[in-house]
Engineer: 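Have a look at this one before I ask anything.
Keep in mind the model is a prediction, meaning the values are calculated, not measured.
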Amino acid sequence: MIPIVGTFLSILSSITGQLGPNYDPLFYDVMIYIFGTIMFTVFLLGIISFWLRVHGWAYKDNRERWVDELDRHFEREGIGLIPDNGKYW
């Protein structure tokens, strides 16, 4: 446990040592580039996952399985159909 705390404190001191007179512009530039790259990657993965969610890998993936199962159940039970025998009008 002590080595973990020591490692954390050394990382923390190197980060806080960048403030004030020991400011290293390259340190912050690299951090911004890494953070921007990560955020852009998350953005692209979000767009790709949304496209796959909407369009799917194939035609059958467009509708989820439970929607098809629900449609089959409604068709079999006649739920939601408009009666056409005139008795209800």
Engineer: Does one hydrophobic cluster hold both L70 and V67, with members joined at side-chain heavy-atom distances below 4.5 Å?
Structural biologist: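 Linked, L70 and V67 end up in one cluster.
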Engineer: Would you mind telling me which of I32, T37, I38 makes a side chain to side chain contact (heavy atoms under 4.5 Å, CB included) with I34?
Structural biologist: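 With I34 as partner, I32, T37, I38 yield a single side chain to side chain contact (heavy atoms under 4.5 Å, CB included), made by I38.
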Engineer: Does R76 have any side chain to side chain contact (heavy atoms under 4.5 Å, CB included) partners at least two apart in sequence or in another chain, and if so, which?
Structural biologist: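 So R76 forms a side chain to side chain contact (heavy atoms under 4.5 Å, CB included) with H73.
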Engineer: Counting only heavy atoms not in E69, do more than 12 sit closer than 6.0 Å to its CD atom?
Structural biologist: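 Atom CD in E69 is not crowded, with 12 or fewer foreign heavy atoms closer than 6.0 Å.
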